[in-house]
Every structure is written in structure tokens, then in C-alpha cells.
Number of protein chains: 2
Amino acid sequence: MIRSQLRRQPLYTQIKTLLSQRIGEGAWQPNEMLPSEWELAEELGVSQGTVRKALTEMVTEGMLYRQQGKGTFVADVMGDWAGPGMVPAGLFRSRLELPAAELLGCSRVNAPDELAEALGLKRGAALVRVRQLWRLQAEALAVDDAYLPAERIEGLDAKLVRQSGGSVYNALHRHYAVRPVLVQEQLRAVPLPREEGVLLGVAEGVPVLSITRLTASLQGEPVEWRQRYCLTRTMAYVPDHGRVA
Amino acid sequence: MIRSQLRRQPLYTQIKTLLSQRIGEGAWQPNEMLPSEWELAEELGVSQGTVRKALTEMVTEGMLYRQQGKGTFVADVMGDWAGPGMVPAGLFRSRLELPAAELLGCSRVNAPDELAEALGLKRGAALVRVRQLWRLQAEALAVDDAYLPAERIEGLDAKLVRQSGGSVYNALHRHYAVRPVLVQEQLRAVPLPREEGVLLGVAEGVPVLSITRLTASLQGEPVEWRQRYCLTRTMAYVPDHGRVA
DNA sequence: AAGTGGTCTAGACCACCGA
DNA sequence: CGGTGGTCTAGACCACTTT
């Protein structure tokens, strides 16, 4: 029975919470089919329409997807790129291209104050830094530094990320039962730092897009802070505008 | 009766289309209340639940908003800034600040090829260029050049934009019955051009965020191409990430 | 044919708002 | 109090997919 909470929240909201928890616990893996709407309705003691409303909201939030005639499925975890992709600069109505990641390595660092603050950690807390290089058809496009609280993700290393297809978010999900959620992205134009210039094979100081991202678990606990430097000489970054029809 | 179309499309989709048309024609002004769900249901010969589904989708798309106990209202036209705002660089969980626009002027130009292409016009077609300066607490932040097809918006000038509170989109809505819809935004990091450097009071060549935007009418007809140069020395640009709960 | 999601209806009741 | 949106139910039928 799901009605225990005295209806402080609507039934369909309670159902969303319950299913999110189960998915977070790994009750169903990505691309695995959920029980049918009627089965869920019976199990939870509500009508099919109420289950449907809960599922519909979870679909629009990107947690589930539906296939008519087949069923409702758990969506893949968000990719490390986390945007729609890149597009040739100046051309609208052109197809979005998604870069591919190459894992450069993992290391342990102590959190600078600003970063500890953002992640809700003590000053100088231990972090794992994961460095990735993004390519678009062999051409180097961007470098990422992802910082994660070492305590929360004990044992995360290059081997484990590689096992997860080079994706930090995939590793978080498969090994630490965390489905990452994007909290906020901040974009700036900055001169390319020297170190990143070497990695990208580009002169220091050219204008690059700096993308800073904070990621949390479904429960709202910060799990990652990420810094990306993205070249935009020929390709432009396309943000994910919600309303697209 | 709305059932005329032989149900090729679901009823609620037809209702969305019908209401969008009526709003585009100015049947209800922004912040004006629509008929109640029951009244619409009776008028259209469908059940209240079907009307409700249509309205709910239009609310999530940002066309309408609801107030419990009061009614359903037409949303304001999108603002010229068109993003959530700016945030102090590096600080997450900080309040978003929305810049204010100052109208610099209007002029007529001929469309460069790339721009004519994006707007679906003939090469060299006449355009109206509207130039705006954005300020955040008196500090110059960004300059915009909005380009609109002169033929489509005959008579648009500085006076008319000023009458619309300095907003191009407001002018489009009030004088040309166009509710602008964002098609795509492209972001790049580029060196600040000389002319814009003068307007912003900043040295030529510093890295700035270049934001290129294509805007269309509800019917999908392109109505504006806009180029923004945005300083990001202390403040960062925050894209509108759909899923935010 | 059986099982799934997708649409639509009719009716009930609740929560909130304003007069 | 009446009017509005918000939730929930039960049942029907349709469209699509798989067996």
C-alpha cells in the first residue's frame, strides 16, 4: 500500500518517489522494462491512470522512456558530455554531433576551498580527479577535469572508469548506485590555460568556452564538480533548451 | 466542433493547435484568463479531462500558466534576454540575476548570405537591425544585434521598440501578432570585435561569449537572427537546462 | 490473439480563491 | 458561497508490437 502518508502529497508524486528510489537501488537496470501500468497499479493499489500520470512525468524528466506496444523502460544514465552536442558554427538546422571521450587518467588531489564549498565538503578534503579528452572525428575538441569526493566513491580509479566505457557517470551508477543529475552549468569565455593548451594542441591564450558543472545524486547530494575547456573555432556549443516540441 | 479532422491527430493535440492559433491572433492578451476548463470543454465538445491534458502541455511548454483557484492565463512573451540570467562565476546555488536592456538604435541593412540563408530570405534582402546594450547594475555586460526581415515587419523602428518597453519580442507580439519561439542558440568563445569593445568599454580582443540565436514564429517561420557578445569576467552565463524540478 | 502503451469519457471529490 | 484548478477512479476503445 502506498496511501500511508495521509495524502500530504498526491498519490502520483508518491509513486514517482517510490519508483525513483527503486531505480536508484538498481531494482531495474537501464533499458530494462518496468512492470506494465496495470501491474504497477495493482501492486500499489491505485488506478492505472494514476500510475500513468506518474510515469508520464518521469518520462518528461528523462528518467524513463516509453515504446508503444512494448513497454516502459529505464533510461540510460546521462552521458559525460551532458549536452545535445556540437554544431558547425553559424549553421542552424544542422545535425548535432556528439564528441567521443578518451580517458587520460585519474589522480587524487586535495580540494581547493571553492571546490570543497560547492561539493559540501571540508576544506582540503580528498578528491579524485578524472581527466578526459573529447574528440570530434579524431580532432581534439575539449578537455574535462571531473572532481569527485574520494570518501564517497572509495575505489574509483582509471581501471573502473575504463570498465564503464570511459564514462564517469556510468561508473557512478554501476559501482556506487548513484544516478547523476545535472544541478547547474555555468559558461564563460576565457583564455585557454597553458596546461590545457598542450593537451588540445592549441596555443595558450586563445579564447575557449569554459563550462563548469555541478552534478548531484537523485537525493540532491553533490557528487561531482567538472571543469571543461571547449574549443569553438569551427563548432559551436548548443545548450539544451527545454522547450523544443 | 473540433472533431472534423478525422482523428488523424489526438483531440488534445488539435486543441493545443487551436488555442495556440487563437493566442497568436491575440484572442487573449498575456496575463489574460482563458475560459475555464469546463467552458472550453463544452465549446469544443470534448470532456474536461481532454481540455486539461492540452492545457497541461501548453503550461509545460511555457505558453500558459495556471493559478489554483483562479484560472489559466496566457504567459508573457519571452524576454529579449531569453535565458535564466547570469550568476557570479564559480558560485553555484546563487541567485540568478537578469540584465536590463537599453535600446541603442535601429538601422536598415542588407542581409549577408549566411544570414539570409538562416532566415530563409533572398540574398541581400532588407533587414532591420536592432542594437541593444545589456547592463547588470549599471555595469555594461553584453551587446546584441537583432536582425529581422524588413518585409515581414514593415514599420519596425526605434520608436516602436521603445513603446514596447525596449523589447523586440514584445514589439513583435504587440504590433505584428508574432509570439517568438527560440529555435536554437549557439555558443562560442571569441575575441571581442573592435566595434563591440567600444560599446562595452572593454579592450578589443578579450575573450567573450558569442551567442547566436535563431527565433521563429509559432508557425515555424524564422523572424529573428541575433548575435550577442557577452562579457564573462565576473559573471557566468547559465543555460536553461530543461529538467530542473 | 495477447499484451503493451495512448486516448477519451463521465463522474466524483478535494484544495484554493475571491466575493 | 460559487468558481476555479488538482487529483483519482473505472471503464472503454484504439494503435502498435510480439507471439
Side-chain angles (χ1 to χ4, degrees), chain A residues 1-19 23 27-75 245, chain B residues 1-19 23 27-75 245:
Chain A
M1 270 319 210
I2 198 173
R3 298 169 185 278
S4 48
Q5 301 173 35
L6 282 171
R7 302 284 283 279
R8 305 206 56 81
Q9 285 195 319
L11 280 178
Y12 73 88
T13 303
Q14 299 177 39
I15 294 172
K16 280 177 61 178
T17 306
L18 179 67
L19 293 179
I23 290 171
W28 304 283
Q29 290 307 301
N31 304 304
E32 189 176 342
M33 184 179 149
L34 262 55
S36 76
E37 295 174 353
W38 285 100
E39 284 172 338
L40 285 171
E42 189 176 9
E43 183 210 337
L44 303 173
V46 301
S47 74
Q48 174 263 355
T50 300
V51 169
R52 184 168 181 77
K53 174 150 190 179
L55 295 183
T56 298
E57 288 207 354
M58 295 176 74
V59 166
T60 66
E61 289 164 10
M63 168 91 49
L64 305 176
Y65 63 94
R66 286 202 261 233
Q67 287 186 21
Q68 160 138 193
K70 298 217 246 176
T72 304
F73 305 81
V74 176
Chain B
M1 270 321 208
I2 198 174
R3 297 170 187 278
S4 47
Q5 301 174 34
L6 282 173
R7 302 285 281 281
R8 305 204 57 80
Q9 284 195 320
L11 279 178
Y12 73 88
T13 303
Q14 300 178 38
I15 294 172
K16 281 177 61 178
T17 306
L18 178 67
L19 293 179
I23 290 171
W28 304 283
Q29 289 310 299
N31 304 305
E32 189 176 343
M33 185 179 148
L34 261 57
S36 76
E37 296 175 351
W38 284 101
E39 285 172 339
L40 285 172
E42 188 177 8
E43 184 211 337
L44 303 174
V46 302
S47 75
Q48 174 262 354
T50 300
V51 169
R52 184 168 182 75
K53 175 151 189 179
L55 295 182
T56 299
E57 289 207 352
M58 295 177 74
V59 167
T60 66
E61 289 164 10
M63 168 90 52
L64 305 175
Y65 64 94
R66 286 203 263 233
Q67 286 186 22
Q68 160 138 191
K70 298 217 249 176
T72 304
F73 305 82
V74 176

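In what follows, every heavy atom counts, from backbone to side chain, and hydrogens, waters and symmetry copies are set aside. Chain letters run A, B, ... following the sequence lines, proteins first, then strands; residues in each count from 1. The model shown is predicted, which means the values in this text are computed figures rather than measured ones.
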Of the options [options], whose atoms approach the side-chain atoms of [X] most closely?
{"X": "R52(A)", "options": "dT9(C), dT4(D), dG6(C)", "answer": "dG6(C)"}
{"X": "V46(B)", "options": "dT9(C), dG6(C), dT7(D)", "answer": "dT9(C)"}
{"X": "K53(B)", "options": "dT4(D), dG5(C), dT7(C)", "answer": "dT7(C)"}
{"X": "S36(A)", "options": "dG5(D), dT9(C), dT4(C)", "answer": "dT4(C)"}
{"X": "S47(B)", "options": "dC8(C), dT9(D), dG5(D)", "answer": "dC8(C)"}

Measure from [atom1] on [X] to [atom2] on [N] and round the result to the nearest Å.
{"X": "M33(B)", "N": "dC16(C)", "atom1": "CE", "atom2": "C1'", "answer": "14 Å"}
{"X": "Q48(B)", "N": "dT7(D)", "atom1": "CD", "atom2": "P", "answer": "12 Å"}
{"X": "E57(A)", "N": "dC8(D)", "atom1": "CD", "atom2": "P", "answer": "11 Å"}
{"X": "L55(A)", "N": "dG5(C)", "atom1": "CG", "atom2": "P", "answer": "8 Å"}
{"X": "K70(A)", "N": "dG6(C)", "atom1": "NZ", "atom2": "P", "answer": "13 Å"}
{"X": "Q68(B)", "N": "dG18(C)", "atom1": "CD", "atom2": "P", "answer": "12 Å"}
{"X": "L44(B)", "N": "dT7(C)", "atom1": "CG", "atom2": "P", "answer": "18 Å"}
{"X": "E37(B)", "N": "dG3(D)", "atom1": "CD", "atom2": "P", "answer": "15 Å"}

(message) Under 3.5 Å, is there a donor on one side chain and an acceptor on the other for Q9(B) and Q14(B)?
(response) no
(request) Return yes if a side-chain donor-acceptor contact under 3.5 Å exists between S47(A) and R52(A), otherwise no. (result) no
(request) Between W38(A) and G49(B), just flag the one whose closest nucleotide in DNA chain C comes earlier from the 5' side. (result) W38(A)
